[in-house]
> 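Below is one structure. I have some questions about it.
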There are 2 protein chains.
Amino acid sequence: MIGVNEGPPANARRRPATLHDVARAAGVSYATASRALNGSDRTVRAENVARVHAAAAQLGYSPHLSAQAIARGSTSTAALVVSDVDDPYFSSIAAGVTEAAEAAGLIVTMAIADRSPDLELQIVRSLRGQRPRAIVIAGSRIAGTETRAELIDELTAYRTAGGRVALISQHDLPFDTLCIDNHGGARRLALALAEQGHRTFAVIHGSDSIRTSHDRRAGFLDGLRQAGLTVDPRYSIEVPFTRDGGAAGARALLARGVEEVDVAFAVNDTMAIGAMTVFRDAGLTPGADIGVAGFDDIGSAVDVVPALTTVRIPLRELGQAAMRVALADDAAGIVQIPTEVVLRDSTPLRPRPGRS
Amino acid sequence: MIGVNEGPPANARRRPATLHDVARAAGVSYATASRALNGSDRTVRAENVARVHAAAAQLGYSPHLSAQAIARGSTSTAALVVSDVDDPYFSSIAAGVTEAAEAAGLIVTMAIADRSPDLELQIVRSLRGQRPRAIVIAGSRIAGTETRAELIDELTAYRTAGGRVALISQHDLPFDTLCIDNHGGARRLALALAEQGHRTFAVIHGSDSIRTSHDRRAGFLDGLRQAGLTVDPRYSIEVPFTRDGGAAGARALLARGVEEVDVAFAVNDTMAIGAMTVFRDAGLTPGADIGVAGFDDIGSAVDVVPALTTVRIPLRELGQAAMRVALADDAAGIVQIPTEVVLRDSTPLRPRPGRS
DNA sequence: TGTGTGACGGAATACGATTTCCGTGCAGGT
DNA sequence: ACCTGCACGGAAATCGTATTCCGTCACACA
């Protein structure tokens with residue numbers, strides 16, 4: 001090894017100061033330095049405490065968290081897995097999760113599964129090695145993937161070893177889960193729209209294998225049924241679960257003719273916003289020529305024109321709650337997160353004139 | 001201690017399997033197990049490799065990353081500090097940073113500084129203890145805070161110990177920095193708007209102590225000057241650097257009278273979007289009655305109505321570049337990230353009729 | 001058959017902390 | 001003056017893993 005201990009070469013690369021260095025600089029033992037720095041139950045003479053602190057500051061000492069983790073047998077990190085941070089839905093959740101973690105004095109390590117169940121599994125595997133205090137997973141579970149069993153195994157092993165798990169919106173896994181009332185929210189939205197006088201609907205949705213998409217669509221159809229309405233299969237359009245998917249859905253709808261459609265419901269806001277842009281580009285004014293509704297109430301839903309009718313989820317609070325559930329001592333089971341219909345200008349009070 | 005080793009209680013809480021357990025189960029020493037699992041230069045008989053792997057799988061073994069970090073003397077994590085994930089600007093950067101880190105096989109730990117320099121400093125201090133391979137900081141440096149010197153100390157200590165640092169958009173700190181051409185972009189935007197025939201401008205900006213805000217405003221004024229124009233001090237409005245700040249700025253502007261204003265330039269897109277909403281609520285159609293321009297080109301800039309004129313920053317690529325710079329062996333100094341003016345419908349081709 | 005050599009397993013040590021255990025010195029009580 | 005107990009410092013064990021070093025065994029070669 002070169003450069004390990006051939007005198008202090010001014011500002012050259014040095015290995016970080018260890019507790020040992022601090023102790024030597026302060027003229028005390030190892031153990032005393034440790035006790036002085038993290039105030040154990042043992043008392044250390046005030047003078048020594050001061051000298052240790054001074055030495056630590058002077059050497060720029062920062063305790064090696066990994067070493068602490070080993071010695072203490074527990075870490076001070078929490079892990080978060082999201083599908084995509086660059087999506088307002090997940091970034092709001094991530095903000096909440098991080099907030100709660102930091103409030104509990106934990107560092108959060110975040111991983112992005114890029115909407116891939118395989119990657120998600122791989123991430124959880126690797127995360128487990130970190131021995132985080134808790135793992136929170138926010139993602140769109142894909143039904144019927146063969147990674148499901150493996151993911152359960154992995155998380156079970158983690159929990160058996162004392163870890164805590166909280167899931168967001170994946171109610172078919174056997175762990176504490178924060179469930180968004182997707183079905184109920186969509187159902188109430190449908191009822192509210194029917195109440196407004198709308199009669200003909202289109203649904204722009206993702207694959208049914210994505211639980212969230214499936215539940216919202218099913219809830220919406222349920223609500224319509226309750227109001228004595230249905231959706232013409234021609235107007236039920238499956239596209240990717242993203243903004244561009246929403247745009248594609250709108251284009252498909254235009255191709256099939258939308259004269260009769262009162263409101264197009266997209267199963268999330270970003271899809272709805274993508275659809276609105278396409279409608280507008282095609283010469284249809286959203287909110288006047290065609291109604292549009294979404295789900296989530298992301299931040300930009302109010303800044304879009306017309307403001308988007310949607311179903312509000314308290315995303316940030318949801319994230320906080322998830323971390324708190326994960327950190328709590330007792331199992332929480334399934335926690336229902338209520339949703340709230342928010343009617344805005346994208347669905348006019350009455351359907352366009354000249355309709356039944 | 002209870003439950004440490006009183007026999008295997010079925011599914012009860014167990015400590016995680018260690019390498020030692022695996023070795024015992026496989027009937028080899030743990031040196032051999034270690035070699036079998038992470039394929040060292042030493043060869044291990046194929047039969048033993050197989051048995052170790054089988055035992056590991058059966059026990060659900062996952063190596064203790066902290067222990068590895070200590071033994072190897074280096075970790076496999078990278079750290080990211082952002083001001084606020086729940087802001088499209090930062091979340092796009094975070095997505096890029098994470099992408100690049102994962103490509104390099106690193107786990108990323110993310111912390112949120114909540115736009116507070118104090119918190120940022122505290123975070124860096126704590127992060128240093130993690131011994132990450134690199135630290136990337138994306139934030140709006142506040143000029144003249146007394147935490148500056150301490151932050152430099154902390155990062156210098158980190159670098160001296162072999163860590164790598166990359167900063168995004170904080171060109172006055174002595175570390176590798178990815179610099180957005182805020183001044184140039186804003187200047188070219190001003191020129192482009194002048195070219196379109198606009199003459200009277202308002203600027204909605206944040207505090208000058210926020211470098212980004214300052215530079216964009218200064219660049220914009222420079223561009224106007226170059227075109228022989230100025231901004232009436234009455235139309236230069238300082239507000240918080242957020243969406244609601246932008247909205248407040250628009251309200252202030254309305255209060256001062258905006259009949260003469262051709263274009264209101266807000267120093268970032270979220271502020272611009274907040275302002276547009278306020279203008280519209282006041283009965284002024286953005287893009288027709290008053291032009292609006294922003295900066296960043298966040299995703300929703302195209303979905304807003306009218307689509308927002310702005311200055312595009314390749315945010316995701318910026319994040320990737322930052323992590324790559326941090327991970328590279330040689331110092332990069334200052335890397336300029338080019339910006340590009342994007343004219344959209346929020347600034348009409350010609351100012352409203354009836355004007356000079 | 002003796003010997004050099006390569007393959008491979010295991011004991012021991014290192015990594016940077018925390019924590020237990022032991023020993024010392026000093027104060028106070030009788 | 002002696003014993004007890006407390007305050008405190010330091011040596012050593014410990015955590016889980018990587019790695020160096022040493023020893024053994026088998027095989028090939030002369």
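Each chain gets a letter, A, B and so on, in the order the sequences are listed, and its residues count up from 1. Scope of the values below: all heavy atoms of this structure, side chains included, with no hydrogens, waters or symmetry mates.
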> Go through residues 47-75 of chain A and report each residue with a non-hydrogen atom lying under 4.0 Å from DNA chain D, sorted by number.
A:Asn48, A:Ile70, A:Ala71
> Is the base of C:dA17 touched by the side chain of A:Tyr30 through a donor-acceptor pair closer than 3.5 angstrom?
yes
> Check this for me: does any side-chain nitrogen of one of A:Arg125 and A:Glu150 sit under 4.0 Å from a carboxylate oxygen of the other?
yes
> In whole angstrom, give the distance that lies between atom NE2 of A:His20 and atom C1' of C:dA17.
12 Å
> On the nucleotide D:dG10, are OP1 or OP2 found under 4.0 Å from the side-chain N or O atoms that A:Thr32 carries?
yes
> So do A:Ile137 and A:Ile168 actually touch side chain to side chain, heavy atoms under 4.5 Å?
no
> Is the distance from OP1 or OP2 of D:dC8 to the nearest side-chain N or O of A:Thr43 less than 4.0 Å?
yes
> May I ask you to decide if the ring planes of B:Tyr30 and B:His20 are parallel, tilted or perpendicular, using 30° and 60° as cut-offs?
tilted
> Consider side-chain contact (heavy atoms from CB on, under 4.5 Å). Of A:Val49, A:Thr43, A:Asn48, which one does A:Arg45 pass it with?
A:Asn48
> Checking B:Thr177 side chain against B:Phe175 main chain: does a donor-acceptor pair fall under 3.5 Å?
yes
> Would you kindly give the CG-to-P distance between A:Asn38 and C:dG16, to the nearest whole Å?
17 Å
> One thing to verify: whether A:Arg148 and A:Asp153 come together as a salt bridge, which I'm taking to mean a side-chain N less than 4.0 angstrom from a carboxylate O.
no
> Assess the side chains of A:Asp118 and A:Thr147: does a donor N or O sit below 3.5 Å from an acceptor N or O?
no
> Within this structure, what is the CG-to-C1' distance between A:Asp21 and C:dG16, rounded to whole angstrom?
11 Å
> When you check the phosphate oxygens OP1 and OP2 of D:dA7, does a side-chain N or O of A:Arg45 lie under 4.0 Å from one of them?
no
> Figure out the CZ/P separation between B:Arg131 and C:dC15, and round it to whole Å.
14 Å
> Could you check whether the side chain of B:Arg35 and the base of C:dG10 have a donor-acceptor pair of N or O atoms closer than 3.5 Å, going by distance alone?
yes
> If I take atom CZ in residue B:Arg24 and atom P in nucleotide C:dG10, what distance separates them, rounded to the nearest angstrom?
14 Å
> Check this one for me: any side-chain N or O of A:Ser34 less than 4.0 Å away from OP1 or OP2 of C:dT18?
yes
> Measure CG/B:Leu37 against P/D:dG16 and give the value in whole Å, please.
16 Å
